[in-house]
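What follows is a set of notes on a single structure, which appears directly below.
Lettering follows sequence order; numbering is per chain, from 1. Values below: all heavy atoms of this structure, side chains included; hydrogens, waters and symmetry mates excluded.
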There are 2 protein chains.
Amino acid sequence: MKYERPADSANEATDVQEERLARLIRLAARAFNRSLQLRLTTEGVTFGQWIFLRILWQEDGLSQRELSERANLTEPTAHTALLRMVEQGLITRENVKGNKRRQHAFLTPRGWELRERLEPLAIEANDIAVEGLSADELKILRRALNVIITNLERDEAEAAARGMRMPPTRITTSVL
Amino acid sequence: MKYERPADSANEATDVQEERLARLIRLAARAFNRSLQLRLTTEGVTFGQWIFLRILWQEDGLSQRELSERANLTEPTAHTALLRMVEQGLITRENVKGNKRRQHAFLTPRGWELRERLEPLAIEANDIAVEGLSADELKILRRALNVIITNLERDEAEAAARGMRMPPTRITTSVL
DNA sequence: CGCACAAACTTAGAAAGCTAAGATAAAGCA
DNA sequence: TGCTTTATCTTAGCTTTCTAAGTTTGTGCG
């Protein structure tokens, strides 16, 4: 054990403290998602669409793979989101430069238009969230979150290298 | 606007900063979930089961409603998780004191046994996550997360009072 | 007692996410 | 040139979570 504590800080208390952190982060993430979703709904946009719209506003014409990387999501997740965005007329997907494999996503005029209506909503949600926190606290919060993310991703990579895997979500070709 | 910045820090930078906070929290939440799930899988337990096991270890015999409240999850979510836990022999659900409505969940011996094997896994994940953060930073992190959660939940409650709702997840009895 | 209202659990169906395993096109190499 | 490998997008099917809308059982009041 790396971080030993004096005997007088009971074990139980330690457990509770530590376990709470994951819970707090989960609750904060959910509250943030809901807050944003609540606002986006007024413009008929879902959370998943928002994620990809934001990326395309910065950099139009990315491929599905590039989009999923920038969004930190898997390709199947990006895939279904992009299909729906085509249906709703927010983007088109096109093959460019004679490459029949890569499908680049381009914002439609409607997709571009949403920008000025949606971005203020996200800023509003963020402003509400951080109300009462000082600049210093926010700085530490960001740093701490980055550290946690780095630590856990490193851990997952190491676990994967040792052969540990996330449980399959599909019945693996069973007994035979 | 509360936190004005000197003119030389462009608006764009501000936006990016603010938007990033939600993203960081989302990433941290996901990394935490995966880290825990990866470990729980070695004992054949899913994340959802862990959530309710933890609560029952503290307080056995709670009803579905009480469990969903303590877990910060809705009843349908608790419902499906509990059904699976019954299937797997982790809990039983029983009517007590002749009440045919309330269903109290009781840990089976198997459910109790898991405690000593699972709790260390959660502690391990937490230890890894906070590696490199000082006690002060952790304190601020916790406070900041609590502030954010409170702010956003208040905002959602106010929005609900004004009639704003989360988008329905089911097709609302359409045209007729 | 009987009926209305409330509490508790269930069912229906959707979104968003994932892993695994295709399919097809491009690139690289012998 | 032809074959193998790699890239990219798709499909299949599962989990977890939600909102909305039942169903059933208790409770309280006239």
Side-chain angles (χ1 to χ4, degrees), chain A residues 26-27 29-31 33-34 36-38 40-41 45-52 62-69 71-86 93-105 156 160 164-174, chain B residues 26-27 29-31 33-34 36-38 40-41 45-52 62-69 71-86 93-105 156 160 164-174:
Chain A
R26 248 196 316 278
L27 286 177
R30 189 178 56 174
N33 285 353
R34 289 177 69 90
L36 197 53
Q37 217 168 316
L38 206 54
L40 294 176
T41 298
V45 172
T46 70
F47 184 77
Q49 291 167 3
W50 157 257
I51 295 284
F52 291 104
L62 292 172
S63 71
Q64 172 177 298
R65 167 144 315 177
E66 288 166 330
L67 282 166
S68 64
E69 277 164 3
N72 283 287
L73 296 171
T74 61
E75 279 203 71
T77 302
H79 184 64
T80 46
L82 294 177
L83 285 186
R84 286 209 54 202
M85 289 171 79
V86 171
R93 305 180 77 194
E94 296 167 29
N95 297 111
V96 297
K97 287 198 272 188
N99 189 320
K100 284 183 223 159
R101 194 169 50 178
R102 292 171 79 104
Q103 301 234 309
H104 299 258
E156 185 175 342
M164 288 177 75
R165 288 240 153 47
M166 289 295 287
T169 56
R170 182 184 184 177
I171 305 303
T172 315
T173 21
S174 56
Chain B
R26 249 197 314 279
L27 286 176
R30 190 178 55 176
N33 284 353
R34 289 177 69 90
L36 198 53
Q37 216 167 314
L38 206 54
L40 294 175
T41 298
V45 172
T46 69
F47 184 77
Q49 290 167 3
W50 157 257
I51 296 283
F52 291 104
L62 292 172
S63 70
Q64 172 178 297
R65 167 146 316 176
E66 289 166 331
L67 282 166
S68 63
E69 278 164 4
N72 284 288
L73 296 171
T74 62
E75 280 202 69
T77 302
H79 184 64
T80 45
L82 294 177
L83 284 187
R84 287 210 52 203
M85 289 170 81
V86 171
R93 305 179 77 193
E94 296 167 30
N95 297 111
V96 296
K97 287 199 272 186
N99 189 321
K100 284 182 222 158
R101 195 170 50 181
R102 292 171 79 106
Q103 300 233 310
H104 299 258
E156 185 176 342
M164 288 176 75
R165 290 244 151 41
M166 289 295 287
T169 56
R170 181 187 184 177
I171 305 301
T172 314
T173 21
S174 57

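- Between A/Met166 and B/Leu38 there is a side-chain heavy-atom pair separated by less than 4.5 Å.
- A side chain to side chain donor-acceptor pair (under 3.5 Å) with A/Gln64 is found for one member of A/Glu75, A/Glu69, A/Gln103 and no other, namely A/Glu75.
- Both A/Thr46 and A/Glu156 sit near DNA chain C, but only A/Thr46 has its closest nucleotide nearer the 5' end.
- We find that NZ of A/Lys97 is positioned 16 Å from C1' of D/dA7, with the value rounded to whole Å.
- Between A/Asn72 and B/Arg26, the closest side-chain pair of non-hydrogen atoms is not below 4.5 Å.
- Regarding contacts with the backbone of D/dC18, a side-chain N or O of B/Thr74 is found under 4.0 angstrom from either OP1 or OP2.
- Distance, A/Arg102 CZ to C/dA26 P: 11 Å, rounded to whole Å.
- Taking atom CZ of A/Arg65 as the reference point, atom P of D/dT10 lies 12 Å away to the nearest angstrom.
- Between A/Phe52 and A/Ala71, the closest heavy-atom pair is CE2-CB, 3.8 Å.
- Within the structure, a side-chain polar atom (N or O) of B/Gln64 is placed less than 4.0 Å from OP1 or OP2 of C/dT10.
- If you take CZ of B/Arg30 and C1' of C/dA16, they are 12 Å apart, rounded to a whole angstrom.
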B/Glu66 vs B/Arg102, salt bridge (charged side-chain N to carboxylate O under 4.0 Å, His left out): CA-CA, chis, key distance, verdict: CA-CA 10 Å; B/Glu66 289 166 331; B/Arg102 292 171 79 106; 3.4 Å; yes
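- Summarising the geometry, the separation between CD on B/Gln103 and C1' on D/dG26 is reported as 15 Å, rounded to the nearest angstrom.
- A donor N or O paired with an acceptor N or O is not found under 3.5 Å between the base of D/dT8 and the side-chain atoms of A/Arg101.
- Residues A/Trp50 and A/Val45 share a closest heavy-atom pair of N-CG1, 3.9 Å.
- Set against C/dG17, D/dC9, D/dC18, the side chain of B/Leu73 has D/dC18 as its closest nucleotide.
- With rounding to whole Å, A/Lys100 atom NZ is found 12 Å from C/dA27 atom P.
- In this structure, A/Glu66 places its CD atom 12 Å from C1' of D/dA7, rounding to the nearest Å.
- To the nearest angstrom, P of D/dT16 lies 17 Å from CG of B/Asn72.
- Against DNA chain D, the stretch residues 75-84 of chain A makes heavy-atom approaches under 4.0 Å through A/Glu75, A/Pro76, A/His79.
- Position along DNA chain C of the nearest nucleotide to A/Asn99 versus A/Ile51 favours A/Ile51 as the more 5'-ward residue.
- The shortest side-chain heavy-atom distance between B/Arg165 and A/Thr41 does not fall under the 4.5 Å cut-off.
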